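Right, one structure below, let's go through it.
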2 protein chains.
Amino acid sequence: MPRTADPDVRRRLVERAAQMLAAREPVTLRSLVEGTGASTMAVYTHFGGMPGLWRAVRQEGFTRLHTRLAAVPRTADPVHDVAALGVAYAANALASPALYRAMFDAVAELEDPAGADRGLAVLVGAVARAREEGRLAADADPIGVATRSWLAGHGLLSLVVQGVLPADVVPGHSVETTVALLTAAGDDPAACRASVARAWRAGVPDPGTDGPRGAGGPGL
Amino acid sequence: MPRTADPDVRRRLVERAAQMLAAREPVTLRSLVEGTGASTMAVYTHFGGMPGLWRAVRQEGFTRLHTRLAAVPRTADPVHDVAALGVAYAANALASPALYRAMFDAVAELEDPAGADRGLAVLVGAVARAREEGRLAADADPIGVATRSWLAGHGLLSLVVQGVLPADVVPGHSVETTVALLTAAGDDPAACRASVARAWRAGVPDPGTDGPRGAGGPGL
DNA sequence: AAGCATTGCATAGCAATGCCATGTAACGTA
DNA sequence: TACGTTACATGGCATTGCTATGCAATGCTT
């Protein structure tokens, strides 16, 4: 094989795209490579085109999300841990809203679809542990409960990220929905609320440097 | 005033955009006016540009949604009616997935933001009635419960519409989440499940002529 | 070590997109 | 009927993503 491909170029371009996304700058083929020294053809050799670049960016977003979820510590209270994953999910989305939007803009197209499932798997594991430790009913469905939590969280955050809802409603709705879902799965209502509320009190997501904008900016 | 503005042109363009959206055709300035006899300037006269056209299309989507929700009949069982609104919401989204995507693509920008709230108001009214008729706790929060139902439904449908989740999981997740939220609001678990399940059994959304596609097509 | 095939990528140009400056014609008002 | 205002058709512009072409760098082969 000739001229070994420089793997750094690929990473740098994805990184730069994510930065431009966070900076609300329009991510175009030419503006992306500008300043990197690379030419527009680099995007085609490494990604096959702009859709390929977006695919890579989305993948990067899901990788970061998984990293963040996997870093949530396991405590003695499994229900608290389930809620803590919700906090981490929200924090990740609010830290870079534009990336979150891009992730789900064409989420069906990913380089590694299984990579996106890994985040959900973390949540499923936490719910399963709650059941195993007796907090949920023996016939509770961890995948179903985790999926519904994820769906509700996504619905909430996708609207917050677009500026339809303010960020400060996230904890409230999240607590209520999580409590409702886990109580329906068998947890004691009072104990559940205490566990969930504690998780959200501990780590309210920081809006970050990249707050939601009022309208569709020039970027994606 | 000279040369009276033809209000039909506006409607026809919005209508055509919605049709092209449903047909998975790329909606571009030139392809939109092609065949209508109008020229590209018509879009600027009536909408000020493509963003304005999308704004009008989104508004049209929310108007249709409201129409559909308002048409849901009121029965003797208010909890059933709340669930029936969820069925109607899902049916509306699945009937024209591309329009649903467009609606929430920049939902913060609407011609009449209050128009989008009218749909939610219908749901809030149904929840409030459930509380007034004693199905929910006296201190239940209709706006909160309705909003969380809407958020969960939106999270689910936005992913279904993008082809991440198959349409056949909609009833299952919808029933479970609705039961969880309404039970948490005070309804009796068994009665709640019966009411909600009946609504979804009666009117399972038809995928329509416009099923979700596997990947980002040429259209929006 | 030399030659060569293969690959990375810089250049330049193409089609299509949204947008707008200009001109023209239609309509209401006087 | 004359006029001023408005709708809109035409043509051209900048920008977008994309690709045909050529060159140079690299590793395999002998």
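Just so it is clear, the structure is predicted and the values come from calculations on it, not from any experiment. A note on names: the letters A, B, ... follow the listed sequences, proteins ahead of strands, and every chain is numbered from 1.
For B:Met41 and C:dG18, the CE to C1' distance is 12 Å, given to the nearest whole Å. Spacing between atom CZ of A:Arg30 and atom P of D:dC18 amounts to 11 Å, rounded to whole angstrom units. In this structure, A:Arg12 places its CZ atom 14 Å from C1' of C:dC9, rounding to the nearest Å. Straight-line distance from the CD atom of B:Glu34 to the P atom of D:dA9: 14 Å, rounded to whole Å. Atoms CZ (B:Phe47) and P (C:dC20) sit 16 Å apart, rounded to a whole Å. Residue B:Leu53 contributes atom CG, which lies 15 Å from atom P of C:dT17 at whole-angstrom precision. Taking atom CG of A:Leu29 as the reference point, atom C1' of C:dG13 lies 14 Å away to the nearest angstrom. Between the P atom of C:dT17 and the CD atom of B:Glu25 lies a distance of 13 Å, rounded to the nearest Å.
The side chain of A:Thr45 contributes an N or O atom lying less than 4.0 Å from OP1 or OP2 of C:dC9. Dashed line: the shortest gap from a side-chain N or O of B:Tyr44 to OP1 or OP2 of C:dC19 is under 4.0 Å.
One finds the CD atom of A:Glu60 at 5.5 Å from the OG1 atom of A:Thr63 (value rounded to the nearest 0.5 Å).
Salt-bridge annotation for A:Arg118 and A:Asp112: present, with a side-chain N of the basic residue lying under 4.0 Å from a carboxylate O of the acidic one.
Across all strands shown, A:Thr28 has heavy atoms under 4.0 Å from sugar-phosphate atoms exclusively, and none from any base.
The listed nucleotides are D:dC8, C:dA12, C:dC9; the one nearest the side chain of B:Val9 is D:dC8.
Ring geometry for A:Phe104 against A:Trp150 counts as tilted: the plane angle lies between 30° and 60°, on a 0 to 90° scale. Below 30°, between 30° and 60°, or above 60°: for A:Tyr100 and A:His154 the angle between ring planes is between 30° and 60°, a tilted geometry.
If you find the closest nucleotide of DNA chain D to B:Ala38 and to A:Met50, the one lying nearer the 5' end belongs to B:Ala38.
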